[in-house]
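Notes follow the structure.
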Amino acid sequence: MASSGSFSGSIRDGHYKLRVDWSQSKNVSANTSTVTCKLYLVNDWSLSISGRSDNTCTIDGAAQTFSSPAISSTGTHLLATVSRTVNHASDGSKTLTISAVFQIRATISGTYYGTISASANITLDSIPRASSVSAGNMTMGTAGKITISRASSSFTHTLTYSFGNTSGTIATKTTATSVSWTPSLSLASQIPNATSGTCTITCTTYNGNTNIGSKTCTLSLSVPASVKPTISSLTASRIDGEVPSAWGLYVQTKSKVKLTINGAAGSNGSTIKSYSITGGGYSGSASTLTTGFLNNSGTITFQATVTDSRGRVSAEASVSITVTAYSPPYFNSSLSQRCLSNGTLDDDGTYIHALVSFGYSTCGGKNTLKTSVQYKQVSADQWTDAGVTFASNTAFTYGKGQISTETSYDVRYSLEDAFSTISVQEIVSTAAVVMDFKSGGKGVAIGKVSERDNTFEVAENWDIRVYGKLLLDFVYPVGSIYLSVKNTDPATVIGGTWERIAKGSVLVGVNESDASFSTPEKAGGAKSVSHTHTTAGHKLTASEIPAHSHSFKDGSHTMLWGTKNATVNAPNANAAAGAPSQNQLCTRQNVWTGTNNTGGGGSHTHGNTGSTSISTLQPYVTCYMWKRTA
């Protein structure tokens, strides 16, 4: 490219030359150039001709006729000056052809010459057009920089953007080459399902009011991390069930709670895609969660979050509730004995003296307890209400003098609260005698009145000894195990002192040769086998995994073993031809290519790598177990 130049054509070995000197004058706004040609005759041999009027100069395909003066000497003679305005291409470039013809019409040294011609292809300097634009990635709500590279300081630029289905103007006919732009957060609504999108910036270049052209650039426009879904609140409402609504309480194992996420909303165009509520041992993936019975007491906190269509998670909302502790009424002990009307203990009494120890959950004073007593002859079916109530650890008397000394009585103490009823039952024996034979029958009793035919009875406070030992010690010596499907302390049935054992466990025989079972009362085992250390279960060890093997398949594989000049334990001798033998000194690293099985000790991963557990629970039937301690 050039803005000026010169070319020529000649005759007679260059002694007569037509020279064209050209120059370019640019009109930037019009995207045109004026090309001016000065045409000269240069001769160093003499010449005498008159003026010519039919010479031509052709610029970019347009021929112009020019007149030349008479020439009568040697030298450089200006023939004419010719100009033409040409249009550049839209990108500002221009290539053209210039040619000239001079009508010399002269006889030189006996030879006639009609014309001298000259021609050349010319590439003009380009006219600067639209400025280029660039920008780095930006975040909505944060200022970024747009850079303009312009060809002329007189240019101005209008910057616009398009993003999704929206567009706008950043600057109008600015003279700056660096423009600060803060994309609005509202643009996030154009990408409700993504955290970033492609933004196009267009730079339109002006020379004055003339639009020279436009260029664009693209950048990634991101939604800031602060734009995420929101929750107004997480609220809890009681589900009372058996709990009287007037209590206004959550009661352990009796109440449920309904959790509700309120005011969940996406942000800047996003929508809510999922919900999460957790707490109290429960979890849910909807906007509401109704728990099962609340098994813990005290303060329970529930948390909730929502996730929007961009995958953003809201700040956590929480709500706490207070659960009042509750357990069913329970008996600690009970004692029933014959007495007189004033409560004095007497084996021949026709009243019953009782001392009962018990407890119950007050539920903050809302729960009340009703106590009652019933009795009946052992042989009877119908119970009689004693018409009395009782307090814990406070002695009381009942029976109205109707407790016959000739028969034993079942007595039953009951506790009833708002949710459950529990009873304990005892036997009050007949009047105390050394020995008694059943009147009109065949029964005999020691320490009490005989009540049953063909039966040998012993009063409950009498012991039976065989060779000086209690009968109980023969049947259940200290350390014995007593099994029953009834939750009745054996002490109340056969005497002795007992403690509950093996809750939720099975009994296993002692094996002195196995460390796991070598002594009595060792505990161990688990309901499940876990693949992680994070559960209470037993983790499978390598020796507990069933035998198995893995093979390389589907093509050739390379195995590398050994370290140069180091003694190594080689792979299995069958692993590959050329493998080093056991404890061989490696003089190089060995490479084997082929297909074979991995060794049993090779590093490999298989099976479930999560935290699921495998149940090891055997079939079972539950019962109560006691161990005699005294």
Contacts of type side-chain hydrogen bond (donor to acceptor under 3.5 Å, both in side chains), residue Ser232, not counting sequence neighbours: none
Can you name the residues that form a ring pair (Phe, Tyr, Trp, His ring centres under 6.0 Å) with Tyr326, not counting sequence neighbours? Phe419
Taking only residues two or more places apart in sequence, or in another chain, which ones meet Ser414 in a side-chain hydrogen bond (donor to acceptor under 3.5 Å, both in side chains)? Ser423
Arg238: what forms a side chain to side chain contact (heavy atoms under 4.5 Å, CB included) with it, not counting sequence neighbours? Asp240, Tyr250
If the condition is side chain to side chain contact (heavy atoms under 4.5 Å, CB included), which residues does Ala395 pass it with, not counting sequence neighbours? His353, Leu355
Which residues share a ring pair (Phe, Tyr, Trp, His ring centres under 6.0 Å) with Tyr282, sequence neighbours left out: none
Quick one: list whatever passes ring pair (Phe, Tyr, Trp, His ring centres under 6.0 Å) with Tyr375, sequence neighbours left out. none
Could I get the full list of salt bridge (charged side-chain N to carboxylate O under 4.0 Å, His left out) partners for Lys400, not counting sequence neighbours? none
I'd like to check the side chain to side chain contact (heavy atoms under 4.5 Å, CB included) partners of Ser341; sequence neighbours left out, ordered by chain and number. Tyr351
Side chains of residues 515-522: which donor-acceptor pairs under 3.5 Å do they make with residues two or more places apart or in other chains?
from: Ser518; atom 1: OG; to: Ala515; atom 2: O; distance (Å): 3.4
from: Glu521; atom 1: OE1; to: Lys627; atom 2: NZ; distance (Å): 2.8
from: Glu521; atom 1: OE2; to: Lys627; atom 2: NZ; distance (Å): 3.3
from: Lys522; atom 1: NZ; to: Ala515; atom 2: O; distance (Å): 2.7

Applying side chain to side chain contact (heavy atoms under 4.5 Å, CB included), can you list everything that pairs with Ile422, at least two apart in sequence or on another chain? Pro329, Phe331, Leu415
Who pairs with Asn511 by side-chain hydrogen bond (donor to acceptor under 3.5 Å, both in side chains), at least two apart in sequence or on another chain? Ser513
